[in-house]
Amino acid sequence: MQIDSLPTREGLGKGLFPILGKVIYGKYPLVYLDNAATTQKPRQVVEAMTEEYYNVNANVHRGVHFLSQQATDLHEASRETVRRFLNARSTTEIVFTRGTTESINLVASCFGQAFMKEGDEVILSEMEHHSNIVSWQLLQARSGIRLRIVPITDDGLLKMDEYEKLFNERTKIVSITHVSNVLGTINPVKDIIRIAHEHGVPVLIDGAQSTPHMPIDVQELGCDFFAFSGHKIYGPTGIGVLYGKEEWLDRIPPYMGGGEMIKTVSFERTTFNELPYKFEAGTPDYVASTGLAQALDFVTSIGFDAIQAHERDLTAYAMQRLMEVEDMKIYGPKEVSLHDAVISFQVGNIHHLDMGTLLDRLGIAVRTGHHCAEPLMRRLGIEGTCRASFALYNTREDVDALVEGIKRVKQMF
Ligand code: PMP
């Protein structure tokens with residue numbers, strides 16, 4: 001399928017995504033299928049950041065001088081772009097962080113401090129990324145909270161009836177991923193949130209893997225917190241977002257202390273800044289926020305209708321073609337509508353590391369290992385998988401190259 005607004009294979013090297021024009025081990029074009037780890041950056045993101053360093057750079061929020069005001073305007077305009085992208089009610093609900101990991105740690109730490117004491121419970125799922133497990137374990141070590149885990153089916157779907165049974169009077173928060181970075185499962189987050197709210201419990205959604213692939217409307221979802229990373233959605237590294245409903249952000253304490261997050265400071269008593277600055281101690285990465293806004297504009301200009309149609313086609317095509325390979329096992333939902341652009345697989349008893357290394361020599365970049373989801377690996381009874389994950393610039397030719405590559409690797413064994 002070729003969608004007019006999507007970049008073409010031929011245009012990749014010279015055009016929008018220069019890195020995709022690289023020759024690796026004499027192979028061209030690069031078949032980059034590690035997008036769930038990080039996406040490549042369109043030219044407009046890199047150029048906007050370079051332009052800001054060359055022509056605008058000054059610290060934000062502090063200076064009366066021209067450049068500082070210009071940098072501040074850009075930074076705050078980026079916050080508005082994020083607000084629009086998530087359809088949050090107000091920019092006061094958009095906190096810039098370093099990424100999903102920091103956003104989740106912020107909630108675990110600050111919500112935990114305000115609302116959780118020994119014996120209180122957080123509900124997670126068996127398919128969480130380490131960042132949504134270990135953050136809560138740090139709180140557990142500090143305050144003695146308990147982790148309750150929603151189990152999954154063999155097809156990688158959450159057992160929703162078991163989820164509902166986990167609630168009790170000690171349940172204080174639910175923290176669950178929107179899309180699994182291993183299985184590609186698209187979780188029924190609206191139902192997850194509705195059920196939690198019926199029990200009066202707020203919900204944090206880990207949107208690291210959903211934001212690049214589907215439109216997000218935090219008001220429609222009704223989530224209380226939503227976290228995502230810039231680098232997974234064509235933006236720069238080092239920046240991400242925590243969306244939080246104002247009523248929650250108002251009620252939880254700051255995360256870190258320092259400049260920006262205060263109103264007044266004395267040795268006796270410090271008062272904190274208004275939202276969202278209360279959570280933004282220190283000099284923010286105001287250049288990365290510009291890059292993130294450019295990335296979100298880039299995605300919006302293509303539109304999620306086109307992106308989803310293209311990526312669904314790629315996922316369905318890849319699942320079908322991969323099954324041509326003898327001894328192929330694909331993890332996660334069989335139903336393509338429940339399976340996002342991430343496919344984990346294992347071929348016979350070829351070790352995933354060998355498969356990944358040999359595919360690399362053929363100019364095909366995939367991920368191998370536990371994908372920061374060791375408890376999920378344990379549930380699946382494996383040590384790791386090979387993972388191919390798609391972005392809007394991937395094509396059916398990339399899938400063909402992957403399948404042919406796997407067949408060649410198989411012949412070598
Ligand atoms: N959650 C999920 C589902 C992820 O896939 C990732 C990144 N692999 C993270 C959280 C952490 O994101 P980051 O490293 O950008 O903070």
Side-chain angles (χ1 to χ4, degrees), residues 32-41 45 82 95-109 122 124-138 149-150 152 156 158 174-189 192 203-214 216 223 225-243 255 279 285 288-289 291-292 295-296 311 331-333 338-344 365-377 379 384-391:
Y32 183 79
L33 298 176
D34 193 17
N35 296 286
T38 202
T39 50
Q40 301 303 345
K41 318 305 171 199
V45 167
V82 175
V95 177
F96 283 123
T97 63
R98 285 193 301 123
T100 308
T101 302
E102 187 174 273
S103 299
I104 297 173
N105 273 273
L106 190 161
V107 176
S109 176
V122 54
L124 312 174
S125 87
E126 222 165 15
M127 66 171 86
E128 298 309 315
H129 186 276
H130 292 165
S131 59
N132 197 24
I133 300 172
V134 185
S135 323
W136 298 101
Q137 287 174 331
L138 294 178
I149 311 299
V150 188
I152 59 168
L158 290 180
V174 172
S175 188
I176 278 189
T177 194
H178 196 166
V179 169
S180 160
N181 66 314
V182 178
L183 305 167
T185 315
I186 304 171
N187 285 323
V189 281
I192 289 170
V203 180
L204 162 62
I205 298 294
D206 171 352
Q209 296 297 341
S210 59
T211 37
H213 305 295
M214 59 189 74
I216 302 294
C223 55
F225 300 99
F226 187 96
F228 76 96
S229 299
H231 70 99
K232 292 191 197 279
I233 182 166
Y234 312 102
T237 49
I239 190 145
V241 172
L242 173 68
Y243 157 82
Y255 185 44
F279 294 102
D285 196 340
S289 64
L292 175 60
L296 300 183
E311 292 180 345
Y331 297 93
L338 298 175
H339 203 127
D340 208 33
V342 173
I343 303 181
S344 270
V366 294
R367 196 73 164 183
T368 60
H370 55 59
H371 315 294
C372 296
E374 286 191 27
L376 174 59
M377 294 297 124
R379 162 65 179 85
T385 71
C386 252
R387 181 186 73 184
S389 52
F390 305 116

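Indexing begins at 1, ligand by ligand and atom by atom, following the structure's order. The basis for the numbers below is simple: all heavy atoms, side chains too, and nothing from hydrogens, waters or symmetry mates.
- Contacts of Arg98 with ligand 1, taken as heavy-atom pairs under 4.0 Å, are absent altogether.
- Of all non-hydrogen atoms in Ala391 and Tyr234, the two that sit nearest each other are CB-OH, 3.3 Å.
- For atom 12 (O) of ligand 1, the choice among Ser131, Ala227, Ser229 with the nearest heavy atom turns out to be Ser229.
- Contact annotation for Thr101 and ligand 1: heavy atoms of both the backbone and the side chain come within less than 4.0 Å of the ligand.
- Classified by interplanar angle (parallel below 30°, tilted 30° to 60°, perpendicular above 60°), the ring pair His370/His130 is tilted.
- Between the side chains of His371 and Thr385, at least one donor N or O sits under 3.5 Å from an acceptor N or O.
- Using a 4.5 Å heavy-atom threshold, the side chains of Leu292 and Val241 count as touching.
- Taking only non-hydrogen atoms, the option from Glu102, His130, His178, His129 nearest to atom 6 (C) of ligand 1 is His129.
- Asp206 contributes a side-chain N or O that, together with a main-chain N or O of Ala208, makes up a donor-acceptor pair within less than 3.5 Å.
- Of all atoms in ligand 1, listed by their number and element, those nearer than 4.0 Å to a heavy atom of Asn181 are 5 (O).
- Counting heavy atoms closer than 4.0 Å to ligand 1, residue Thr177 contributes side-chain atoms (C-beta onward) but none from N, CA, C or O.
- Within a 6.0 Å sphere centred on CZ of Arg98, heavy atoms belonging to other residues, nucleotides or ligands number 12 at most.
- Looking at Gln209, Met127, Lys232, it is Gln209 that brings a heavy atom closest to atom 5 (O) of ligand 1.
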